[in-house]
Participant: 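I'd like to ask you about the structure that follows.
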Amino acid sequence: MTTFNFSLLTGDTGPLVKGGRPDRLSIPVQDHTPMLTSGDQVLAGTLIATADREGEGDLHAPLAGTIREITPYLMSMDVDSEDRATPQPSPPDGGAVLKEWLRKQGMDVRHLGRAATLIVNAVPPEPGISIYDPLLRDYRKTLELGLDTIQRIVEPSKMYLVAAKGNRANAFANCTVMHVAPTHPNGLDPMVIKAVTGQETLPGQHPENAVLVSVKDLYLTGRIVETGRPMTETIMTIGGQNHLIPVGTPVGFLAAEAGVTIQPGDRVVMGGLMRGLPARDLAQGVEKDTTGLVILRAGEGLEPTDNFCLGCGECERRCPARIMPGMISRCAEFKQFERAEDYHIHSCIECGICSYWCKAGRPLLQYIRLAKYELALLAGAGDATPEDQTEEKDAQ
Ligand code: SF4
Ligand code: SF4
């Protein structure tokens, strides 16, 4: 069996590297309404699509260029050789007006609101993803600006910075530092919320009287205020270094920049090895919440199978949500999606640990994501993303 390190210790990862300039961007636009048509020319920062869901951030052009094609899922654009930016208005003072201003600048603000406790999550989201390290070391002023902006919405009386024990964690003013064990899945939001408040929340649910933001949220908020430009970038760990990458940059471009040639049978994973999603093809663009890029050579990593469940219970013993991944996977396998709710599928925090330990090599996390997607469709949510149901496949 492939051995894997569950440690969240990141060490010193070096400075944040600015990504290169691709010829073309492929910007994911699902859950958004495009504002442009093919052939339109845009400046960096031009509004290109408005969010369909309340609280979700609008989308802006990361670079100047010309819109090439628009489909229900993506907008591709040819990038100009030099950048020209559109000016943005200054931020308002605070409260709901500031929250809406941040949303219009591209931030997801669904979780922001007045609360007594503000939690800053500095624990890596999964092993191999070290995006917070360079931000905490080199971008102190930007983080403080972001924290000040978010405080003007939340108005907390207590603040916590939660870090993995052994990783960098310099406190902000009036902020208590709290350490958790440096082991996956302690960086996932529900685990951090539980560590601070004792409350158990479902993924995507807000804790009572508390708001959680990540160090990346602080950085991107501070950057919006500092530069006067909307949020059009993400931070990704690639090959152990951390990069500031324009949203929509194709994964093939990033692999080439890293000096990696993709071979037939390789797998390109967006995110980390425990929770990442496979790229559909090398033209797929990164999203605002993409945290990493990993290339698995043919034969490397776990090979998912369609083996039947042995009923050994190993996945249940390892599951931090105390549910039954094996039973849920069987419900998904036999299209009994509603039955998966009897096994508390919505308590799954998508850590990927059950897939790693499954004795039969079943792709448990993928089964669970498929079932959640189908349940969202059944509930008429219409906001399930097709990526959630994608099983790993060769990226070539
Ligand atoms: S991914 Fe698996 S181990 Fe993790 S919470 Fe969900 S069911 Fe449990
Ligand atoms: S670890 Fe795999 S084989 Fe064992 S009960 Fe869970 S799903 Fe079934």
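Please read all numbers here as calculations on a predicted model, not as lab measurements. If you read the sequence from its start, that first residue is 1, and numbering goes on from there. Just so you know, ligand 1 is whichever comes first in the structure, and atom 1 is the first atom listed for that ligand.
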Participant: Carefully, step by step, assess Thr142 and Arg223 under the rule side chain to side chain donor-acceptor pair (under 3.5 Å).
Facilitator: CA-CA 6 Å; Thr142 310; Arg223 204 167 144 81; over 6 Å; no

Participant: Does Cys312 put an N, O or S atom under 2.8 Å from atom 4 (Fe) of ligand 2?
Facilitator: yes

Participant: Non-hydrogen atoms of Gly311 versus ligand 2: any pair closer than 4.0 Å?
Facilitator: yes

Participant: Within a distance under 4.0 Å of any heavy atom of Pro320, pick out the atoms of ligand 1 and give their elements.
Facilitator: 3 (S)

Participant: Got the closest protein heavy atom to atom 4 (Fe) of ligand 1, with its distance?
Facilitator: Cys351 SG, 2.3 Å

Participant: Strictly below 4.0 Å, N to O, side chains only: are Arg137 and Asp12 in salt-bridge contact?
Facilitator: yes

Participant: Where is the nearest protein heavy atom to atom 6 (Fe) of ligand 1: which residue, which atom, and how far?
Facilitator: Cys348 SG, 2.3 Å

Participant: Identify, by atom number and element, the atoms of ligand 2 in contact range of Lys359, meaning under 4.0 Å from any of its heavy atoms.
Facilitator: 1 (S), 2 (Fe)

Participant: Asn242 and Thr13: side-chain donor and acceptor closer than 3.5 Å?
Facilitator: yes

Participant: When you measure from atom 3 (S) of ligand 2 to every protein heavy atom, which one gives the shortest distance, and what is it?
Facilitator: Leu310 N, 3.2 Å

Participant: Got the closest protein heavy atom to atom 7 (S) of ligand 2, with its distance?
Facilitator: Gly326 CA, 3.6 Å

Participant: Distance under 4.0 Å to a non-hydrogen atom of Gly352: what atoms of ligand 1 satisfy this?
Facilitator: 1 (S), 4 (Fe)

Participant: Would you mind checking which non-hydrogen protein atom is closest to atom 5 (S) of ligand 2, with the distance to 0.1 Å?
Facilitator: Gly313 N, 3.2 Å

Participant: For Ile368, counting its heavy atoms only, list the atoms of ligand 1 lying under 4.0 Å from any of them.
Facilitator: 7 (S)

Participant: Look at the aromatic rings of Phe6 and Tyr356 and report parallel, tilted or perpendicular, splitting at 30° and 60°.
Facilitator: perpendicular

Participant: Salt bridge (charged side-chain N to carboxylate O under 4.0 Å, His left out), that's the test. Do Arg322 and Glu200 meet it? Break it down for me.
Facilitator: CA-CA 12 Å; Arg322 308 185 302 276; Glu200 292 201 340; 3.1 Å; yes

Participant: Under 4.0 angstrom from ligand 1, any heavy atom of Leu364?
Facilitator: no

Participant: May I ask you to check if Arg140 and Phe172 form a cation-pi contact, with NZ or CZ under 6.0 angstrom from the six-membered ring centre and within 45° of the axis?
Facilitator: yes

Participant: Using a strict 4.0 Å threshold on nitrogen-to-oxygen distance, state whether Arg267 and Glu303 make a salt bridge.
Facilitator: yes

Participant: How close does the nearest protein non-hydrogen atom get to atom 2 (Fe) of ligand 1, and which residue and atom is it?
Facilitator: Cys354 SG, 2.3 Å

Participant: Please determine whether Cys315 has a backbone or side-chain N, O or S atom lying under 2.8 Å from atom 8 (Fe) of ligand 2.
Facilitator: no

Participant: Got a salt bridge between Arg53 and Asp31, using NZ or NE/NH1/NH2 to carboxylate O under 4.0 Å?
Facilitator: yes

Participant: Identify whether the distance between the nearest side-chain nitrogen and carboxylate oxygen of Arg152 and Asp93 falls below 4.0 Å.
Facilitator: no

Participant: At less than 4.0 angstrom from any non-hydrogen atom of Pro325, what atoms of ligand 1 do you find?
Facilitator: 7 (S)

Participant: For the pair Arg103 and Glu100, find out whether any cationic side-chain nitrogen is under 4.0 Å from an anionic carboxylate oxygen.
Facilitator: yes

Participant: Mark the output for Arg318 as yes if a heavy-atom distance to ligand 1 is under 4.0 Å, and as no if none is.
Facilitator: no

Participant: What protein heavy atom is closest to atom 8 (Fe) of ligand 1, reported as residue, atom name and distance in Å?
Facilitator: Cys319 SG, 2.3 Å

Participant: Just do the salt bridge (charged side-chain N to carboxylate O under 4.0 Å, His left out) check on Lys141 and Glu226 with the steps written out, would you?
Facilitator: CA-CA 10 Å; Lys141 283 204 167 122; Glu226 244 174 16; over 6 Å; no

